[in-house]
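Below you'll find the structure, written out as structure tokens, and then a few comments.
Naming: A, B, ... by sequence-line order, numbering from 1 per chain. Since this is a predicted model, take the numbers as computed values, not measurements.
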Amino acid sequence: MNLPRARHRWNISPKKAVLLQRRLASEVMDTPLESPPRRVAGGDVSVTQDGSGLIAGWVVWDVKNATVLETVVARQPARFPYVPGLLSFREAPSLIAAARKLVCEPDVFMMDGQGLAHPRRFGIACHFGVLIDRPTLGCAKSRLCGIHDTPADAVGASKPLHHEGQLLGRVVRTRPGVNPVYVSIGHRIALADAIRLTLKCCTKFRLPEPCRLAHQLVTKVRMNAP
DNA sequence: GCGACAG
DNA sequence: ATCTTGTCGC
């Protein structure tokens with residue numbers, strides 16, 4: 001992939017990281033996808049036992065044929081701690097490094113974490129999306145901020161996620177009897193597109209296939225190379 | 001001051 | 001996120 005050049009450093013203080021988020025958040029674009037997505041990349045990051053290394057990976061999923069088109073991984077030292085609200089400063093660098101290895105051009109990138117559903121409206125899906133200038137969406141397994149009702153126990157049921165008077169995303173039931181996921185836009189996508197695509201990629205499990213397979217990928221790589 | 005807090 | 005045993009259900 002031919003990605004844009006780096007726009008800022010990553011080894012900055014949490015204080016400056018927050019300021020950077022506020023500045024870049026204005027660049028997020030809430031716009032419909034230009035065409036029905038066919039190649040969807042799911043990304044995830046695993047951490048080594050001692051917590052010093054990160055392994056990021058992407059799995060490109062063909063939604064039409066339900067097949068894997070490509071997989072890539074990248075290893076990097078962990079240079080930023082996990083701080084709620086600043087996840088992208090810890091994981092995005094490795095995810096970008098891995099994305100640079102992709103040969104194909106995904107139509108959308110699905111991130112394991114929040115997008116707009118963030119205290120400053122700039123979760124990892126927004127940050128990654130703005131930096132690489134590609135359509136992205138956030139599909140998190142739990143809540144970071146906001147309030148919502150419990151969606152009905154049926155596939156596709158959902159409830160809005162609100163925070164400070166704004167609609168940040170939707171809590172979506174992807175499987176009956178299991179916890180819903182938190183879907184929000186990352187960049188260059190509309191919430192309706194994000195939800196539709198998330199559901200379309202959920203075939204047999206709670207998480208959409210691209211994300212689930214990416215999680216398996218980085219976990220296995222970590223096991224086979226401490 | 002206290003609880004909450006993506007991965 | 002990672003660690004970690006058994007357990008319930010299809």
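- A cation-pi contact, defined as under 6.0 Å to the ring centre and within 45° of the axis, links A:R212 to A:F205.
- One finds a side-chain N or O of A:S142 lying less than 4.0 angstrom from the OP1 or OP2 phosphate oxygen of B:dG7.
- Side-chain proximity of A:Q49 to C:dC3, B:dG7, B:dA6: nearest is C:dC3.
- Among A:V72, A:T71, A:V73, the one residue that satisfies the side-chain contact (heavy atoms from CB on, under 4.5 Å) test with A:K101 is A:V72.
- Within the 3.5 Å criterion, the main-chain N or O of A:V178 finds a donor-acceptor partner in the side chain of A:R173.
- In this structure, A:H148 has its ring center under 6.0 Å from that of A:Y182.
- A:P37 approaches A:V108 most closely through the heavy-atom pair CB-CG2, 3.9 Å.
- Across all strands shown, A:G138 has no heavy atoms under 4.0 Å from either base or sugar-phosphate atoms.
- Among residues at least two apart or in separate chains, salt bridge (Lys or Arg N to Asp or Glu O under 4.0 Å) pairs with a member in residues 181-197 of chain A are A:D133-A:R188, A:D193-A:R196.
- The main-chain N or O of A:K141 is found under 3.5 Å from a side-chain atom of A:R206 such that the two form a donor-acceptor pair.
- Put simply, the side chain of A:H118 gets close to the backbone of A:G85: a donor and an acceptor are under 3.5 Å apart.
- The stretch residues 201-210 of chain A has no heavy atom under 4.0 angstrom from DNA chain B at all.
- Here the side chain of A:R23 pairs no donor or acceptor atom with the backbone of A:S26 at under 3.5 angstrom.
- Distance CD1 (A:I124) to P (C:dA1): 12 Å, rounded to an integer number of Å.
- Within 4.0 Å of A:L86, counting heavy atoms only, lies at least one base atom of the nucleic acid.
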Note, DNA chain C 5' to 3' with Watson-Crick or G-U pairs under 3.5 Å encoded as ( ), [ ], | and . gives ..........
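- Remark: the backbone N or O of A:A125 is paired with a side-chain donor or acceptor of A:T136 at under 3.5 angstrom.
- One atom, CG of A:L54, and another, C1' of C:dT2, lie 13 Å apart when rounded to the nearest Å.
- Atom-to-atom, CG of A:L87 to C1' of B:dA6 comes out at 6 Å; the value is rounded to the nearest Å.
- Residue-nucleotide stacking is not present for A:Y182 and B:dA6, judged by a side-chain ring centre under 5.5 Å from the six-membered base ring centre and planes under 30° apart.
- Taken residue by residue, residues 143-171 of chain A places heavy atoms nearer than 4.0 Å to DNA chain B at A:R143, A:L144.
- Checking side-chain atoms of A:N65 against main-chain N and O of A:T67 turns up no donor-acceptor pair under 3.5 Å.
- Remark: the A:Q166 side chain and the A:R121 side chain contain an N/O donor-acceptor pair separated by less than 3.5 Å.
- A distance-only check finds a donor-acceptor pair linking the side chain of A:D107 to the backbone of A:R38 [under 3.5 Å].
- For the pair A:R222 and C:dA1, the criterion of a side-chain N or O lying under 4.0 Å from OP1 or OP2 is not met.
- Listed by chain and residue number, A:H8, A:W10, A:F89, A:F122 satisfy the ring-ring contact (aromatic ring centres under 6.0 Å, His included) test with A:H127 (two or more places apart in sequence, or in another chain).
- At whole-Å resolution of the value, CZ in A:F122 and C1' in B:dA6 are 15 Å apart.
- Of the residues listed (A:I55, A:D112, A:V59), the one engaging A:V218 in a side-chain contact (heavy atoms from CB on, under 4.5 Å) is A:I55, and it is the only one.
- DNA chain B forms no stem, meaning no run of 3 or more consecutive Watson-Crick or G-U wobble pairs whose two key distances fall under 3.5 Å.
- Between A:R90 atom CZ and B:dG7 atom C1' the separation is 8 Å, expressed in whole Å.
- When the side-chain nitrogen and oxygen atoms of A:K141 are compared with OP1 and OP2 of B:dG7, one or more of them lie within a distance under 4.0 Å.
- Remark: P of B:dG7 and CD1 of A:I55 are 18 Å apart, rounded to the nearest angstrom.
- Residue A:H215 has a polar side-chain atom (N or O) positioned under 4.0 Å from OP1 or OP2 of C:dA1.
- Atom pair A:L137:CG and B:dA6:C1' shows a separation of 14 Å (rounding to whole Å applied).
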